[in-house]
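Below is one structure, written out as structure tokens, with a few remarks after it.
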Amino acid sequence: MKGFFYFRNTRISFRRQAGEHALYGRRITVVTSETRVRARPYNATTVEEKWQRAWEEAALHSTPDESERPKWYALTMYPYPSGDLHIGHWYAMAPSDAAARFKRMNGYNVLFPMGFDAFGLPAENAAIKHNVHPHKWTMSNIERMRVQLRSMGGMFDWDREIITCLPDYYKWNQWLFLKFLEHDIAYRANAPVWWCPNCQTVLANEQVVDGECERCHAQVTKRDLTQWFFRITNYADELLDFSTIDWPERVVSMQRNWIGRSEGARVVFKSEQDDPIEVFTTRPDTLWGATFMVLAPEHPLVEKLTTDEQRAEVEEYVSWARRQTEIQRMSTENEKTGVFIGAYAVNPVNNERVPIWIADYVLMGYGTGAIMAVPAHDQRDFEFAKQFALPIRVVIRPEGSDLHETTMIEAYPDEGVMVNSGAFDGTPTPNGEAVARVIEWLEREGIGSGEINYRFRDWLISRQRYWGSPIPIIYCDSCGAVPVPEEDLPVLLPEDAEFEPTGVSPLKTHSSFYNTTCPSCGAAATRETDTLDTFMDSSWYQYRFLNPHFEDGPVDPDKAGKWLPVDQYTGGIEHATMHLLYARFFTKAMRDIGLLNIDEPFTRLYNQGIILGEDNEKMSKSRGNVVDPDELVNELGADVVRLYLMFIAPWDQGGPWNSRGIAGIERFVRRVWVITDETADVRPGEVDAGVEAELKKSMHRAIKVVGDDLGAFEFNTMVARLMEYVNDLYQLRERGATASPVWNEALRSLALLLAPSAPHLAEEVWERLGQSFSIHQQPWPEYDPALVVENTVEMAVQINGKVRDRIDTAVDAAEDEVVKQAMASARVREAVGDKEIRKVIYVPGRILNIVVG
RNA sequence: GGGGGAAUGUCGAAACUGGCAGACGAGCAUGAUUUAGGAUCAUGUGCCGCAAGGCGUGAGGGUUCGAGUCCCUCUUCCCCCA
């Protein structure tokens, strides 16, 4: 019998009468009828606002630099201030925040800063489009995003906020550039570089994806320009060493591929006019099989070597190739195209005359822009030779079989024994033996040398844009490129620049910025108008967070010693070969010039997945599938959003948003509040010992599994464990567990377990339980291992691998005892029948399998 | 073409070193609460079958007392590099 009445405006419900009841498949006896105070509603908006204010007033999230506790530097990639914190930001930050909070509850002094990656193109595009200054646009976006970030309830230490577009920050960007220049890590060179016609700027190789601009997806083209570079390739081998960091294998292999180390030889062929043509090959053991050469259409010698008869055809081909994208050119699917230029080269190993072709599958940007073609042992060369009826010569014979030029249908790129290779005939190729011997010989003969080639190039850092750190260089007719003296930093971005969509940097037309005097000779001079790639800002921001107002250098050495390196970094995988590679390079470069004494910036890395729209597509305004976190927070509260994001799927997987699924979390949050509010004041009384034992066990188990999952970033199962615990509490309550003195402890534990993931709800529950502010300064509860292990289990009994019955048995029961118990079951006896028992497999606590036959 | 990852109910997913597949949630169904419900509570819910029982982790094979998990072949999808 249930019902309710009102007493002093509070709805009081009275419940089951004394007597026998069926509940959850058990018979229970209610001794006295109980009355129950119905929970007050939980108003997330009010509660969350209340605690956010309280945390700020208590400066709860300011991290002291001095502490008895061990340090833990947790960092999540800082956002670009686009003006809106979208659900992707929440997905990146909310679980990171939970992990950071968990670390703090586990006794660490946790630094968890936040800032804004504030330079970049959108601000400048907004300036052109809406006539707002980038600075104003960016700063008002930051204002708005701070409010949104606050609504998330993160434990960000705002005292250390950095905003990269402020002189306070970019001064040190410029300073670092000058130091790099001083130490020959930065240099200026003319090179063919990628140009994005849409962004009106050059791009680094890393920022070109499939021949498109990584930002705007416009097709990029090559241009020859004089630009500033960083010598990231000097660190290639060190960047290939991942032994001291714990990063996802995926990112490691992406960086490894990107760096693209290959060992081989550089060999000099000569044209018949005696021009040296260098090629790089990883297979110098196939040199004798080179039957032609292929140059990239852009190769500087093409112009010179082309014969008059071939010139028209060659020119036509070159201009056609220029129009192709790199992807089209590299595709193995394509039919091979190319043109003979009429000239011949001499193969230095056997003085053979080989024709020189040009073809689009050879790229100027890789290796030397020229290859020796060995059609018998390279598939692309093979296809090219077949296409144009060029000679093929086998020089590697596979072990135990034969290979004939005329019958081959594809190249043989594997190991074997060298043939048709003069003195090297008979040399086996496995284990690099042939390669090593040929290199040795090439060096002795002076026609080549062993070389290690890398796929990646030096980092191009010049950008023809306004909204970035000005490169602190002055050009003087007599002194050349002169660094701006350190004391003149920062070179300020002029605020009164004119934005015209002309493709010319506003800095070029700003005469008081552009015109200056040479710091070295005092003559009239002009400033560099390019700005630094904004990826430079994010390459070292993790160090500036430690003391963003430090005035004697980019990094405060005292704080660096205390906090570095970053213990846990989290962010999207899309930065694998950009930001994450640049940051590693910067760390090593800064170490080499004495600014840091660490080798790697981020000890542990975790990449969260992507939240898609409900239609399983990437969220975008044009698709209309964008989920607005602000709306959700207003409606359901931040804790619900946080918990739901964690619950959706494993964090590294992401997945589609589901607006119905979030209802489950809503219910869960309500259930947490209801059970606490309704039972917080229950006085201990008489309780069944078994029920109390179950309550204890459930609580200790929850402490263990929730903690284990949080520590392992398994947020989805962590939420499931919390739900199981709350479900347990509801059932135990019905069985009278609230009368136990353990009940209140169980509720307190629940609050503590919720604290990392649902910080507001946890704090409210904590207060309701009469505990003092703040739950976020409490230690993580401890569990008793003895209470977590099961003493008895329901064990499956299998006959020939099929489950026939289940028996309750002690975890550590002896085999013969368990068999006896199993044989007592009629179902087991029936399954065994009169067959002979051949074998018994018994794994204590797990399974009993009786093999009969 | 090479490398890496994935495939489990209607859906999101869980499953420790091989040991009761489907925890937790969504959805659905039935019932309760007699104003209503997109509220709450209870019960059920892999498939076939009235049942006993059988079948089930992309497909096929193998190892094993026992395979979602290990091995081989294949299919599809995603990512990276060519």
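Order of the sequence lines sets the chain letters (A, B, ...), proteins ahead of strands, with each chain counted from 1. All values derive from a computational prediction rather than experimental measurement.
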- Using the P atom on both, measure B:G3 against B:C74 and round to a whole Å. 13 Å
- Task: Could you check how far CG of A:Asn716 sits from C1' of B:A15, rounded to whole Å?
- Result: 12 Å
- Item | Nearest-angstrom distance, P atom, B:A14 to B:U8 | 11 Å
- Decide whether A:Asp237 and A:Tyr454 meet the rule of one side-chain donor and one side-chain acceptor closer than 3.5 Å. yes
- Residues forming a side-chain contact (heavy atoms from CB on, under 4.5 Å) with A:Ala702, sequence neighbours excluded: A:Tyr725, A:Leu753
- Query: Between residues 841-850 of chain A and RNA chain B, which residues have a heavy-atom gap below 4.0 Å?
  - Reply: A:Ile841, A:Val843, A:Arg846, A:Ile847, A:Asn849
- Query: B:A6 and B:A15: how far apart are their P atoms, nearest whole angstrom?
  - Reply: 13 Å
- B:G1 OP1/OP2 closer than 4.0 Å to side-chain N/O of A:Gln379: no
- Note on the structure: Of A:Gly801 and A:Arg806, the one whose closest nucleotide on RNA chain B sits nearer the 5' end is A:Arg806
- Message: I'd like to know whether the aromatic ring centres of A:Tyr569 and A:Tyr606 sit less than 6.0 Å apart in this structure.
- Response: no
- How many Å lie between CE on A:Met646 and P on B:G12, as a whole number? 22 Å
- Message: By the rule that syn is within 90° of 0, classify the base conformation of B:G25 as syn or anti.
- Response: anti
- Message: Run the salt bridge (Lys or Arg N to Asp or Glu O under 4.0 Å) test against A:Glu714 and tell me which residues pass, sequence neighbours left out.
- Response: none
- Contact list for residues 703-713 of chain A, test side chain to side chain donor-acceptor pair (under 3.5 Å), sequence neighbours left out: A:Lys704-A:Asp708, A:Asp709-A:Thr717
- Message: Work out how far the P atom of B:G22 is from that of B:C16, and round it to whole angstrom.
- Response: 13 Å
- Task: Would you mind classifying the nucleic acid contact of A:Pro650 as base, sugar-phosphate or nothing, using non-hydrogen atoms under 4.0 angstrom?
- Result: sugar-phosphate
- Query: Would you say the side chain of A:Pro95 lies within less than 4.5 Å of the side chain of A:Leu645, judging by non-hydrogen atoms?
  - Reply: no
- Residue set satisfying ring pair (Phe, Tyr, Trp, His ring centres under 6.0 Å) with A:Trp673, at least two apart, ordered chain then number -> A:Tyr42
Output a table of nitrogen or oxygen pairs between the protein and nucleotides 77-81 of chain B separated by less than 3.5 Å.
none

- Note on the structure: Atom CG of A:Leu612 and atom P of B:C11 are separated, to the nearest Å, by 17 Å
- Query: Is there side-chain contact between A:Asn607 and A:Thr570, with at least one heavy-atom pair below 4.5 Å?
  - Reply: no
- Can you find a heavy atom in the side chain of A:Val719 that is under 4.5 Å from one in the side chain of A:Ile665? yes
Write down the protein N/O and nucleotide N/O pairs, taken from nucleotides 24-31 of chain B, whose separation is under 3.5 Å; answer none if there are no such pairs.
unit_1 : atom_1 : unit_2   : atom_2 : d
B:G25  : OP1    : A:Asn727 : ND2    : 3.1
B:A26  : OP1    : A:Arg667 : NH1    : 2.5

- Query: Reading RNA chain B 5' to 3', how would its secondary structure be written in dot-bracket notation, given Watson-Crick and G-U pairs with both distances under 3.5 Å, brackets [ ] for crossing pairs and | for partners on other strands?
  - Reply: (((((((..(((......[....)))((((((.......))))))(((....)))..(((((..]....)))))))))))).
- Task: Mind checking A:Glu794 for me? I need base, sugar-phosphate or nothing, with any heavy atom below 4.0 Å counting as a touch.
- Result: base
- In short, side chain to side chain donor-acceptor pair (under 3.5 Å) pairs touching residues 644-661 of chain A with sequence neighbours left out are A:Glu614-A:Ser659
- Message: Just to verify, what does A:Arg283 make a salt bridge (Lys or Arg N to Asp or Glu O under 4.0 Å) with, not counting sequence neighbours?
- Response: A:Asp285
- Query: In terms of side-chain heavy atoms of A:Gln798, which of B:U40, B:G19, B:A13 is nearest?
  - Reply: B:G19
Would you tabulate the pairs of protein nitrogen or oxygen atoms and nucleotide nitrogen or oxygen atoms of nucleotides 46-55 of chain B closer than 3.5 angstrom?
unit_1 : atom_1 : unit_2   : atom_2 : d
B:C55  : OP2    : A:Lys802 : NZ     : 3.4

- Message: Measuring centre to centre across the rings, with the benzene-like ring taken for any Trp, is A:Phe715 within less than 6.0 Å of A:Phe647?
- Response: no
- Message: If I pick the P atom on B:G1 and the same atom on B:G68, what distance separates them, to the nearest angstrom?
- Response: 31 Å
- If the C1' atom of B:G46 is compared with that of B:A13, how far apart are they to the nearest Å? 14 Å
- Name the residue closer to the 5' end of RNA chain B, choosing between A:Arg670 and A:Gly655 according to the nucleotide with the nearest heavy atom. A:Gly655
- Item | Same-atom distance (C1') from B:A29 to B:U35, integer angstrom | 25 Å
- Message: Going by salt bridge (Lys or Arg N to Asp or Glu O under 4.0 Å), name the residues that satisfy it together with A:Glu263, two or more places apart in sequence or in a different chain.
- Response: A:Arg261
- If you measure from the P atom in B:U30 to the same atom in B:C78, how many Å do you get, rounded? 40 Å
